[in-house]
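Heads up: the structure comes next, in structure tokens.
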Number of protein chains: 2
Amino acid sequence: MDRNWDDWWRPSVAVDVALLTVAGESLAVVVHQATQEPAAGKWLLPGTFLHEGELLADAALRALRDKIGVSGHTPRQLRVFDAPDRDDRGRVLSVAHVDLVRADRVEGCTLAPLVGGRAHVPGRQRRMPYEHDDIVQTAVSWARQAYEDAVDPADLLDEPFTLADLRRLHAAVAGEPLPKDTFRRSVTAALHGTGELARGTVGRPAELFRKTPGARRERG
Amino acid sequence: MDRNWDDWWRPSVAVDVALLTVAGESLAVVVHQATQEPAAGKWLLPGTFLHEGELLADAALRALRDKIGVSGHTPRQLRVFDAPDRDDRGRVLSVAHVDLVRADRVEGCTLAPLVGGRAHVPGRQRRMPYEHDDIVQTAVSWARQAYEDAVDPADLLDEPFTLADLRRLHAAVAGEPLPKDTFRRSVTAALHGTGELARGTVGRPAELFRKTPGARRERG
DNA sequence: GGAATAGTGTCTCTGAGACAATATCTA
DNA sequence: TAGATATTGTCTCAGAGACACTATTCC
């Protein structure tokens with residue numbers, strides 16, 4: 001080493017989390033209002049600085065806990081945003097993360113519904129600072145890909161469930177209606193039916209299914 | 001701000017680059033021997049610490065220039081490796097990058113051919129330190145996906161080229177032979193033939209093609 | 001002509017999507 | 001019974017892959 005280790009310049013490293021959930025018939029992302037400059041009062045994604053000895057994923061969980069009071073599930077890294085002028089306070093790299101949790105775990109949070117790929121925050125604010133709109137877009141793409149590849153990778157459904165339940169979930173994630181028959185055929189290989197039927201519903205009762213452990217969907 | 005900005009702990013941030021090229025009939029990755037502890041003498045990927053005011057992509061280009069004397073092309077971010085014990089010198093986050101360049105730009109470099117998804121470095125060394133084997137694997141996946149989605153995203157071929165040239169390239173990236181007829185049909189939509197023919201070859205001369213600007217392949 | 005490579009026609013198989021028929025429940 | 005929803009059969013279409021045939025050059 002030609003210099004003392006401590007002499008080297010180091011950037012600040014933050015994590016920002018797009019916490020997605022299924023609200024009604026579409027995806028939504030949890031936002032909160034910034035308390036600190038330079039974005040005080042603006043709606044944005046929860047985030048925090050990485051602490052000493054902490055994993056990025058753990059920092060993401062801490063951000064969710066401290067900023068919006070939610071216990072996350074399994075945050076996944078998306079990518080690093082490193083524009084030099086992202087933050088007026090100095091050079092801050094942000095490692096963007098996604099997480100996808102059930103709606104009942106974000107009760108009381110402010111949800112920004114996704115309208116045409118952009119998060120629709122309260123009030124007149126159009127865009128979120130710190131490239132957070134880009135993070136949301138990447139997060140949604142990740143969620144859509146995950147639900148094309150697997151039946152319920154985020155465990156959003158309670159077992160057992162009907163195919164109608166599963167289809168509603170997938171349609172919400174995909175952001176578009178899914179054909180009933182094609183959808184059924186695309187997922188049945190990764191499910192196994194319990195003999196039981198749903199009760200208390202109108203019309204012919206649906207069979208209840210469980211996920212086959214380790215099975216994936218073959219195609220989207 | 002409840003504390004002085006400079007009081008906050010910051011990690012060191014490095015970039016490591018998997019510089020891929022097509023060597024003969026398969027992919028290879030450029031490696032070099034570490035000069036510094038704790039990995040001195042071991043083969044690994046070129047990397048460096050992020051400097052003040054520098055973009056991650058620029059740090060990746062600088063690593064290639066300084067460590068292996070190569071001008072990179074367009075490094076892309078893969079993901080951050082953040083295991084706390086990655087580096088004995090302290091907490092170092094590494095932002096892994098990929099780049100894919102023509103073989104004539106890495107002449108004189110040590111190439112580690114890819115055998116079964118792992119880089120085969122010289123000597124008896126089996127694994128690379130700092131999770132660099134994982135980076136290579138992610139880099140190869142990226143390259144394969146890129147060449148499934150587009151005709152020649154890294155501009156590895158000189159125009160005009162024959163379909164045989166293009167197929168050799170794709171087979172090398174994919175790591176498996178590709179059927180002649182199916183391959184042709186999968187790429188012709190994104191190409192346009194010049195009327196000209198290749199000259200000085202054995203057998204029926206092949207038509208020369210150019211990429212249609214902005215066109216992608218529809219499927220892999 | 002013979003070897004070698006380029007380019008194309010065609011058959012099969014598989015999966016997506018559309019449509020509609022049948023099945024089984026509640027009110 | 002009517003209404004609602006679940007489940008399945010079947011048709012069509014498109015693309016991947018396999019195979020083989022035709023085309024055009026050099027020797």
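Per chain, numbering begins at 1; letters A, B, ... match sequence-line order. Quantities reported herein were computed from a predicted structural model and do not represent experimental measurements.
Side-chain nitrogen and oxygen atoms of B/Arg184 include none within less than 4.0 Å of the OP1 or OP2 phosphate oxygen of C/dA6.
A distance of 6.0 Å or more separates the ring centres of B/His192 and B/Phe209.
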statement: Protein heavy-atom contacts under 4.0 Å, written 5' to 3' over nucleotides 22-27 of chain C as B (base), S (sugar-phosphate only) or - (none), form the string -BBBS-
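When rounded to the nearest whole Å, the span between CZ of B/Phe161 and C1' of C/dA6 equals 16 Å. Computed from coordinates, the A/Asp165 CG to D/dA6 C1' distance equals 13 Å when rounded to whole Å. A straight line from NZ of A/Lys180 to P of D/dG9 spans 15 Å, rounded to a whole angstrom. Whole-Å rounding puts the A/Glu207 CD to D/dT8 P distance at 8 Å. What separates CG of B/Leu178 from P of D/dG17 is a distance of 9 Å, to the nearest Å. Rounded to whole Å, atom C1' of D/dT24 lies 16 Å from atom CZ of B/Arg199.
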Distance-only donor-acceptor hits, side chain of residues 104-123 of chain A, under 3.5 Å, sequence neighbours excluded:
residue, atom, partner, partner atom, Å
A/Arg105, NH2, A/Ser71, O, 3.0
A/Arg105, NH2, A/Ser71, OG, 3.0
A/Arg105, NH2, A/Gly72, O, 3.4

Using a 3.5 Å cut-off and no angle test, enumerate the donor-acceptor pairs between side-chain atoms of residues 19-27 of chain A and protein atoms at least two apart in sequence or in another chain.
residue, atom, partner, partner atom, Å
A/Thr21, OG1, A/Val101, O, 2.8
A/Thr21, OG1, A/Ala103, N, 3.2

Give the table of side-chain donor-acceptor pairs shorter than 3.5 Å for residues 154-165 of chain A, with sequence neighbours excluded, one pair per line with atom names and distance.
residue, atom, partner, partner atom, Å
A/Asp155, OD1, A/Lys211, NZ, 2.5
A/Asp158, OD1, A/Arg102, NH2, 2.7
A/Asp158, OD2, A/Arg102, NH2, 3.0
A/Glu159, OE2, A/Lys211, N, 2.7
A/Thr162, OG1, A/Ala164, N, 3.4
A/Thr162, OG1, A/Asp165, N, 3.0
A/Thr162, OG1, A/Asp165, OD2, 3.1
A/Asp165, OD1, A/Arg168, NH2, 2.8
A/Asp165, OD2, A/Thr162, N, 3.1

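Identified under the salt bridge (charged side-chain N to carboxylate O under 4.0 Å, His left out) test for residues 55-64 of chain B, with sequence neighbours left out: B/Glu54-B/Arg62.
Judged as a side chain to side chain donor-acceptor pair (under 3.5 Å), and not counting sequence neighbours, the contacts of B/Arg86 are B/Glu131.
The base of D/dT5 lies outside donor-acceptor range of the side chain of A/Arg167, with no N or O pair under 3.5 Å. You won't find any donor-acceptor pair under 3.5 Å spanning the side chain of B/Arg185 and the base of D/dG17, going by distance alone.
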